[in-house]
Amino acid sequence: MAGAPDERGPGPAAGEQLQQQHVGCQVFPERLAQGKPQQGFLSSFFTNNQKCQLMLLQTLETNPYVKLLLDAMKHSGCAVNKERHFSCEDCNGNVSGGFDASVSQIVLCQNNICNQAHMNRVVTHELIHAFDHCRAHVDWFTNVRHLACSEVRAANLSGDCSLLNEIFRLHFGLKQHHQTCVRDRAIRSILAVRNISREVAQKAVDEVFESCFNDHEPFGRIPHNKTYARYAHRDFQNRDRYYSNI
């Protein structure tokens with residue numbers, strides 16, 4: 001699923017809207033047909049929802065990856081609002097989160113996000129998509145190469161493929177392992193939200209991999225851990241101050 005927390009001009013054409021709705025209803029069943037989340041009066045009292053909201057708040061306030069991305073979004077004119085641009089919902093399958101492009105909102109799968117570290121990775125991953133949507137005219141629904149590029153960037157920059165995470169998955173010791181992990185997770189993410197063959201997804205990733213893997217904005221580097229992310233955030237703030245003084 002694709003989308004982001006900024007709001008652009010006129011909405012998508014009717015055919016594109018139908019395709020967005022189909023993708024959203026497949027993965028995020030609590031979304032209404034028009035692409036908006038269902039809001040129940042008692043939803044905030046359910047344990048999963050409370051836990052999701054608390055973990056989200058912790059992530060937004062403390063995670064260095066997320067703090068950099070929030071600053072970058074604001075700097076690009078796409079300021080993120082917690083109440084408007086995030087929604088904790090139940091999701092189908094093993095999906096952890098995604099974008100609902102029709103309403104520019106990040107969906108967090110409260111039934112699948114199991115702990116704070118998981119929440120940190122999901123929010124970071126989805127905010128990278130949000131940043132891409134903010135800075136470029138991404139055709140999320142009809143151009144699989146656009147989706148593939150953003151998925152490569154999200155896998156590369158979010159910590160999804162950190163050494164620690166890969167050890168937990170029992171994946172390590174391969175030459176150029178980080179690149180292999182990024183490629184594999186990008187393909188998996190595409191297949192989770194698009195009804196296409198693995199061959200088509202792999203071809204799209206292969207076509208964009210080199211340029212998108214080497215696009216490190218807004219971090220300026222691959223942030224392999226929180227220390228790298230803190231340095232990247234400091235450099236981003238200094239760069240922002242430098243340009244504001246020119």
Side-chain angles (χ1 to χ4, degrees), residues 1-7 20-67 69-70 73 78-133 140 147 150-151 154-155 157-162 164-165 168-169 185-186 188-194 226:
M1 202 164 192
D6 75 320
E7 315 221 45
Q20 292 176 10
Q21 293 162 15
H22 175 67
V23 172
C25 292
Q26 274 186 318
V27 183
F28 308 108
E30 291 191 1
R31 308 254 111 186
L32 290 175
Q34 67 267 33
K36 295 182 180 180
Q38 291 181 336
Q39 299 292 338
F41 176 74
L42 297 178
S43 63
S44 63
F45 294 98
F46 290 109
T47 302
N48 277 352
N49 190 270
Q50 282 185 322
K51 182 179 177 182
C52 179
Q53 297 288 349
L54 289 173
M55 288 193 296
L56 171 60
L57 182 61
Q58 177 78 1
T59 295
L60 296 177
E61 291 182 346
T62 65
N63 185 266
Y65 291 85
V66 169
K67 290 171 73 174
L69 285 162
L70 292 176
M73 294 287 290
C78 302
V80 178
N81 178 276
K82 176 180 176 291
E83 303 303 325
R84 165 65 182 84
H85 295 119
F86 294 92
S87 180
C88 291
E89 303 177 15
D90 286 339
C91 306
N92 285 336
N94 295 320
V95 176
S96 297
F99 284 113
D100 186 339
S102 63
V103 291
S104 297
Q105 192 171 58
I106 292 173
V107 181
L108 300 171
C109 298
Q110 61 192 20
N111 56 320
N112 292 331
I113 297 176
C114 52
N115 55 49
Q116 187 65 53
H118 191 185
M119 175 65 80
N120 291 344
R121 292 195 303 273
V122 173
V123 173
T124 301
H125 185 109
E126 303 307 336
L127 278 174
I128 290 169
H129 293 321
F131 177 77
D132 288 347
H133 185 70
W140 299 102
L147 175 62
S150 193
E151 292 296 356
L157 301 174
S158 67
D160 284 349
C161 289
S162 69
L164 185 60
N165 286 333
F168 282 142
R169 297 175 189 130
R185 294 191 71 80
R188 287 180 56 188
S189 293
I190 294 169
L191 293 175
V193 296
R194 291 291 178 273
K226 287 185 177 180

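Worth saying up front: this structure is predicted, and the values here are computed from it rather than measured.
Closest heavy-atom contact between Ala155 and Arg185: CB-CB, 4.2 Å. Asn92 approaches Asn112 most closely through the heavy-atom pair O-ND2, 4.4 Å. Closest heavy-atom contact between Glu151 and Ser189: OE1-CB, 3.2 Å. Nearest heavy-atom pair, Gly97 versus Cys109, reported as atom, atom and distance to 0.1 Å: N-SG, 3.6 Å. The shortest heavy-atom contact between Leu60 and Lys67 is O-CG, 3.9 Å. Considering every non-hydrogen atom in both Val66 and Asn120, the closest pair reads CG2-O, 4.4 Å.
With rounding to the nearest 0.5 angstrom, the CG atom of Asp90 is 9.5 Å from the SG atom of Cys52. To the nearest 0.5 Å, the span separating SG on Cys88 from CD on Gln50 amounts to 11.0 Å. For the atom pair OG1 (Thr124) and CE (Met119), the distance works out to 11.0 Å, reported to the nearest 0.5 Å. With rounding to the nearest 0.5 angstrom, the NE2 atom of His118 is 3.0 Å from the OG atom of Ser96. Rounded to the nearest 0.5 Å, atoms CG (Leu69) and CD (Glu126) are 11.5 Å apart. Residue His125 holds its NE2 atom at 14.0 Å from OH of Tyr65, rounded to the nearest 0.5 Å.
For the pair Phe86/Leu127, a side-chain contact is recorded, criterion being any heavy-atom separation below 4.5 Å from C-beta on. Residues Phe99 and Ile106 are in side-chain contact: their nearest non-hydrogen atoms beyond the backbone lie under 4.5 Å apart. Between Lys226 and Asn63 there is a side-chain heavy-atom pair separated by less than 4.5 Å.
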(request) Output, in order, the C-alpha distance, side-chain angles, deciding distance and verdict of side chain to side chain contact (heavy atoms under 4.5 Å, CB included) for Cys78 and Met73. (result) CA-CA 5 Å; Cys78 302; Met73 294 287 290; 3.8 Å; yes
(message) Under the criterion ring pair (Phe, Tyr, Trp, His ring centres under 6.0 Å), I'd like the reasoning laid out for His133 against His129: C-alpha separation, chi angles, the key distance, then a yes or no.
(response) CA-CA 6 Å; His133 185 70; His129 293 321; over 10 Å; no
(message) If you apply the rule side chain to side chain contact (heavy atoms under 4.5 Å, CB included), what do you find for Leu108 with Val123, and how did you get there?
(response) CA-CA 8 Å; Leu108 300 171; Val123 173; 4.0 Å; yes
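Checked against side-chain contact (heavy atoms from CB on, under 4.5 Å), Leu191 has the following partners two or more places apart in sequence or in another chain: Ile187, Ile196, Arg198, Ala201. Considering only residues two or more places apart in sequence or on other chains, Gln58 meets the side-chain contact (heavy atoms from CB on, under 4.5 Å) condition with Thr62, Gln116.
The number of heavy-atom neighbours closer than 6.0 Å to CG of Asn94, taken from other residues, nucleotides and ligands shown, is 12 or below.
When each of Ile113, Val107, Val95 is checked for a side chain to side chain contact (heavy atoms under 4.5 Å, CB included) with Val122, only Ile113 meets the rule.
The main-chain N or O of Gln110 is never found under 3.5 Å from a side-chain atom of Asn49 such that the two would form a donor-acceptor pair.
Checking Gln105 against Asp100 by side-chain atom types alone, no donor-acceptor pair falls below 3.5 Å.
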